[in-house]
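Counting starts at 1 for both ligands and their atoms, following the listed order.
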Amino acid sequence: MQISIFGLGYVGAVSLACLARDGHEVTGVDIEPLKLDLIRAGRPPVVEEGIQDLFRDVAASGRVHVTTDPVEAVAQTDISFICVGTPSKSNGGQDLTAVLRLSEQLADALRRKDGYHVIVVRSTVQPGTVEELIRPILEKRSGKSAVNDFGLCFQPEFLREGSSIRDYDNPPFTIIGATSERAVAPLRDLFGKLKCEFIVTDIRTAEALKMACNAFHAVKITFANEIGRLGQALNVDGRAIMDLICKDTRLNISPAYLKPGFAFGGSCLPKELRAILYLAKQADVELPMLGNVLSSNKVHIEHALAMITNGGRRKVGMIGLSFKSGTDDLRESPLVTLAEQLVGKGYPLEIYDPDVNVARLIGANKRYIEQTIPHLSALMRDSAEEVIGSSEVLVLSRRSPEVMDGLRKQLRAKHQLLDLVGLEQHADLGGRYHGVCW
Ligand SMILES: NC(=O)c1ccc[n+]([C@@H]2O[C@H](COP(=O)([O-])OP(=O)(O)OC[C@H]3O[C@@H](n4cnc5c(N)ncnc54)[C@H](O)[C@@H]3O)[C@@H](O)[C@H]2O)c1
């Protein structure tokens, strides 16, 4: 394939060398002439393991070309990768200046080219950048359509500096967001052979995914370091703790707990978090990330409350009260907090939880409901039907067959449904559907 790469930093240089190694004709474009001179001389413009030899070899193959002229690069190739930088602005936002300037240059180049050409953004950009900023520039200045006349894709790059060649060859997956299937075809040819899943999704999701991955990695590093600092103060080796944490691939390093939904609660998570923070306070250890987890959880409950109160309807029905389905444990249930806030604001409320039968409760749960939330026990009803029938806003945190059946039969246009569980199918339900955070 004839390929052009715009921006020869870490991402662009590694891509250029690896694609040329794989037999493609690659043209590198950068605004820094020094980088182009280095590549002409068979030397890499960045420091990376294994890259010296690779650049020497591909330069000798004659398959690598360089230029500062975007028109020439686009004219001579079938596909262009945008790999320019998107650094932080002083306010924290992404500086898209280089990407947008390059888009103008690419638009001018597309205008002058007759054949079909694919443009692939590999720079990390915030959601909406490709569709709302880059595409209008390309279409307006070139006078061409991003569906019929040229292809436009976003393909996040997952390589890490220091191991970038290995990462380039072994990505966790290939993710493509595209304006058309025709635009995806050359990427399938280039990357479909890699030993990983090739996933086509919408452009916005692909853009957001890359940013979310980086945030996730930062959170993981910070979690391990906070456990390390606390362990150090308590005479426990945090490395041993984290090694063991990683051995549990059922609950710890797994998809468990990694789906947007409602707030956490129950008798363990909040209690243990508070205990860890108290230990840290006593040991003079600062844990800013763990220290903010409970307040983030609280914000999530307030967010659900605002979705109910901003809807304008007053009669609220809650399906589910315990902290998760399959248990009658009401201790520290975020749904109890939500119910109490609604009652406090004077909203008429009725509650049904298939797992919480007030008459049958025993032990700690009975004590809890009698002593801590007696006002809520009076609002409990015996069936989903009763609650659905008498409410205008339904807060759904259970999806038992009984509940789903009731929703299908009883939901009407007047109902607002606030989904806290993430129903896969809701198109067949009446009423106005809102996901709590989707
Ligand atoms: N560095 C990484 O490990 C990594 C990994 C994944 C994704 N990314 C993302 O990829 C993008 C590039 O990162 P990087 O670290 O390679 O950047 P970099 O700053 O090392 O390189 C960017 C290059 O783009 C060139 N450039 C700027 N404007 C240009 C233009 N109009 N035409 C041609 N070249 C131009 C610059 O001269 C520079 O050489 C960023 O959005 C980054 O967030 C980086």
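Close contacts between ligand 1 and K210 involve ligand atoms 6 (C) [criterion: under 4.0 Å to a heavy atom]. Close approach to E32 involves these atoms of ligand 1, each under 4.0 Å from a residue heavy atom: 37 (O). Each of the atoms 10 (O), 11 (C), 41 (O) of ligand 1 lies under 4.0 Å from some heavy atom of S123. For ligand 1, the atoms lying closer than 4.0 Å to a non-hydrogen atom of Q105 are 31 (N). Numbered from 1 in the order shown, with element, the atoms of ligand 1 that lie under 4.0 Å from a heavy atom of V29 read 33 (C), 34 (N). Contact atoms of ligand 1 toward K35: 38 (C), 39 (O) (distance under 4.0 Å to a heavy atom of the residue).
Using a 4.0 Å cut-off between a side-chain N of Lys or Arg and a carboxylate O of Asp or Glu, E72 and R112 do not qualify as a salt bridge. The residues E424 and R399 are annotated as salt-bridged, a charged nitrogen and a carboxylate oxygen being separated by less than 4.0 angstrom.
Where the criterion is an N or O separation shorter than 3.5 Å, residue side chain and backbone included, E157 fails it with respect to ligand 1. The distance criterion of under 3.5 Å between nitrogen or oxygen atoms is met by T124 with respect to ligand 1.
With respect to atom 8 (N) of ligand 1, the closest heavy atom belonging to the protein is V11 CG2, 3.5 Å. Looking only at protein heavy atoms, the nearest one to atom 11 (C) of ligand 1 is V84 O, 3.4 Å. Considering only non-hydrogen protein atoms, atom 17 (O) of ligand 1 sits nearest to G85 CA, 4.2 Å. Looking from atom 37 (O) of ligand 1 to the surrounding protein, the closest heavy atom is D30 OD1, 2.6 Å. Looking only at heavy atoms of the protein, atom 41 (O) of ligand 1 is closest to T86 OG1, 2.6 Å.
Among the candidates L16, V64, D169, the single residue satisfying the side-chain contact (heavy atoms from CB on, under 4.5 Å) test with R21 is D169.
Of all the heavy atoms in L251 and A256, the pair that sits closest is O-CB, 3.9 Å. Across all their heavy atoms, G128 and R204 have their closest contact at CA-NH1, 3.3 Å.
At most 12 heavy atoms of other shown residues, nucleotides or ligands fall within 6.0 angstrom of atom CZ in R43.
The aromatic ring centroids of F173 and F158 lie less than 6.0 Å from each other.
Note: H426 and Y433 have parallel aromatic rings, judged against thresholds of 30 and 60 degrees for the angle between ring planes.
Counting heavy atoms from C-beta outward, M1 and E25 have side chains that stay 4.5 Å or more apart.
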